Amino acid sequence: MLLTRFALTLMLAICLTEVAGAQGVIIDIQGGQIQRTPIAVVPFGWQGNTPEPPLDVAEVIRADLYASGRFDPRPESAMLQKPTTGAEVDFDDWTILGVEAVVIGRLIQTGDNEFTVQFQLFDPFGQEQLDSFRVPATRAALRRETHRLADRIYEELTGIKGVFATRVAYVSARQQAGEDIYRLVVADYDGANEYPMLESTDPLMSPAWSPDGRRIAYVSFEETRSSIFVQTLRTRNRIRVSSEPGINGAPSFSPDGRKLVITLGGVDGNLDIYTLDLRTRERQRLTTHRAIDTEGTWSPDGRYIYFTSDRSGGPQIYRIPAEGGEPERITFEGSYNARPRLSPDGETLALITNDRGNFRIGIMDLDNRNLIVLSTGQQDESPSFAPNSEIIIYATRAGGNGVLETVSADGLIRSRRASGSGDIREPVWSPFPRF
Amino acid sequence: MRYIKELIALTAVFLFAGCTQPTVPDPDPVDTTYGSDTGGVTTDGVDDGGWGAGEEVSWDQMAENLPAVIYFEFDSSDIRAQDADTVRRHAILLADNPDARVLLEGHADERGSREYNIGLGERRAQSVRRALMFQGGQTNQIRTVSFGEERPAATGSSESAYSQNRRVEIRYE
């Protein structure tokens, strides 16, 4: 145990300190099929000790709203006025531009590293203020707080909760000096602020967020065996929670965060679904079939565990009561359906499906069981819902590397993220942040 | 259905191996000839700097001369006829050397789901494990691990890369 801890410390020691990712949104919309709403985000006023503000708040908000695929923020050059207070706003200057919403605001320095961001949202056609809000932010949290403001604006205008302040975890792999380097990375939803949690020369896979967004479970192959770890983001402490002989794989948290559903293979390699109580370390075996049963995931209400099984020949999605019982087959369409993930609202199931020889992301309405293919690649994998159930992130291949794409659950808005170096895979969207 | 196919494949491996287990490896026409238990290795001018005459041949040296990778068809864990002899020779090595420990690394091509591919890689490793045990390898000598699609031997999204990646690597520990 001591030795293990030592090894872990070593491993974490070589892990990098926080690397500032490319600032600014690195998202490239691939052609939305819906009309974008014109909107104006006026440059924010700045009151502080330096000539320039520490962050272009308006630009971050513009980028967020653009990335949603639903808005078309007009360029600064088109603006007839650049008000920073409500009193200065002339609605006629905005209706003439045809913008349906105007965001103005100010960034105020209140201490060496303390700031206040405040904004107002106007409807120029209705000639009314829709919202106003202010938040304090430290220098380090400024970008994140700005994303929160963008969330608030987005929700006010669409009625849908924004996900601009959420994060995405993923695995990247690259070659360095002839060695494979695997990293478990957490980044802002837009790819900024990449934060490597762990680096290893052995494969890392299957990251999964805890419901409170504070921990990530994953599989590591260090010491040429698979083990499941749970690592706390803030402290980087990690615990090896499953290291049975054979396969330890596919961890996913229960909605209350107390248990994991995992896959164990044993010496004889019969993959089955188990639940693991993180406190007592008690295990409960849910499946016993000699086929491959894996990729368990809880339904948001905690009642079922959905999983992949090839008991019928090829992989299909099944579900079983979380306390144990009879498995029920869910997918029947096509020869290959795997890696189920439920939307946080519990209404749809995202999966990988074989679409005429291509592996693509599909979603199934759990009410009528209709399956729709949402992606267009050949090797698309690892779908994960945003916490608002509106967007799915997944990995696809481009130029020989894995890159991340998002698609709206209605299939109308698709975007690709410009990736950093390496082969990026297994994105998992964080829950809503808790402040 | 899959299990029936596997059984047939196992039976084929068994038949290929013959019913009696030799205690020394069959001389291989290509490789250096092994001597008797007390003798060394016959070096008749063909060997390019192998072991010196009179030296004991250890099992790990023998293992080095055996093919270490078994390849599989798409979505299959059946050992192909052309690999049966390789598997048989590894099994004999294990049977003759109770100290020998082998790690079977199962792999899959990149298509489809990563965790399901871990399952497919494990199925292949277990297929080789059962064949080895069927022919004299012992449980405590064999460990399996599946890397799924995480450690490809060939990169790229072509059938040629896929066929090189659907494999079990036999590593002596």
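Worth saying up front: this structure is predicted, and the values here are computed from it rather than measured. Letters A, B, ... are given to chains in the order of the sequence lines, protein chains preceding strands, and every chain is numbered from 1. Worth knowing before you read on, the calculation uses all heavy atoms, side chains too, and leaves out hydrogens, waters and symmetry mates.
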Colleague: In terms of heavy-atom proximity below 4.5 Å to chain A, should Glu173(B) be classed as side chain, backbone, both, or neither?
Modeller: neither
Colleague: Can you name the residues that form a side chain to side chain donor-acceptor pair (under 3.5 Å) with Gln138(B), not counting sequence neighbours?
Modeller: none
Colleague: Would Arg114(B) and Glu381(A) pass as an ion pair if we require N to O under 4.0 Å?
Modeller: yes
Colleague: Using a 4.5 angstrom heavy-atom cutoff, name the option from Gly400(A), Ala338(A), Pro315(A) with the most pairs to chain B.
Modeller: Pro315(A)
Colleague: State, to 0.1 Å, how close Gln126(B) and Gly269(A) come at their nearest heavy-atom pair, and which atoms those are.
Modeller: NE2-N, 3.2 Å
Colleague: Using a 4.5 angstrom heavy-atom cutoff, name the option from Asp180(A), Val267(A), Val171(A), Leu271(A) with the most pairs to chain B.
Modeller: Val267(A)
Colleague: Which one, Thr263(A), Asn270(A), Ile247(A), Thr308(A), leads in non-hydrogen pairs under 4.5 Å with chain B?
Modeller: Ile247(A)
Colleague: Does a salt bridge link Arg425(A) with Glu150(B), judged by any charged N lying under 4.0 Å from a carboxylate O?
Modeller: yes
Colleague: For salt bridge (Lys or Arg N to Asp or Glu O under 4.0 Å), just list the numbers for Asp310(A) and Arg123(B), CA-CA rounded to whole Å, side-chain angles, deciding distance to a tenth of an Å, and then say yes or no.
Modeller: CA-CA 12 Å; Asp310(A) 65 1; Arg123(B) 198 174 261 164; 2.9 Å; yes
Colleague: Going by atom types alone, do Ser206(A) and Glu115(B) pair a side-chain donor with an acceptor below 3.5 Å?
Modeller: yes
Colleague: If I take atom CG from residue Leu103(B) and atom CZ from residue Arg225(A), how far apart are they, to the nearest 0.5 angstrom?
Modeller: 9.5 Å
Colleague: With a cut-off of 6.0 Å (strictly less than), are more than 12 heavy atoms of other residues, nucleotides or ligands near CD of Glu328(A)?
Modeller: yes
Colleague: Assess the residue pair Asp268(A) and Arg129(B) against the criterion (side-chain contact (heavy atoms from CB on, under 4.5 Å)); give the C-alpha distance rounded to whole Å, side-chain angles, the decisive distance to 0.1 Å, and a yes or no.
Modeller: CA-CA 9 Å; Asp268(A) 295 326; Arg129(B) 174 174 174 261; 3.1 Å; yes
Colleague: Taking atom CD of Gln175(A) as the centre, does the number of heavy atoms from other residues, nucleotides or ligands within less than 6.0 Å exceed 12?
Modeller: yes
Colleague: With sequence neighbours left out, what residues match Ser242(A) under side-chain contact (heavy atoms from CB on, under 4.5 Å)?
Modeller: Ile228(A), Glu244(A), Asn248(A), Ile262(A), Leu264(A), Leu276(A)
Colleague: Among Asp202(A), Asp293(A), Asn358(A), who wins on heavy-atom pairs under 4.5 Å with chain B?
Modeller: Asp202(A)
Colleague: With respect to chain B, which residue among Val219(A), Thr294(A), Thr224(A), Ile352(A) yields the maximal number of heavy-atom pairs within a distance under 4.5 Å?
Modeller: Thr224(A)
Colleague: Do the rings of Tyr116(B) and Tyr336(A) sit parallel, tilted or perpendicular, given the 30° and 60° boundaries?
Modeller: perpendicular
Colleague: Please state whether the side chain, the backbone, both or neither of Arg397(A) comes within less than 4.5 Å of a heavy atom of chain B.
Modeller: side chain
Colleague: Does Arg151(B) reach the side chain of Pro203(A), with side-chain heavy atoms less than 4.5 Å apart?
Modeller: yes
Colleague: Out of curiosity, Arg111(B) CZ to Gln379(A) CD, how far, rounded to the nearest 0.5 Å?
Modeller: 7.5 Å
Colleague: If you round to the nearest 0.5 Å, how far is OG of Ser113(B) from CG of Asn337(A)?
Modeller: 11.0 Å
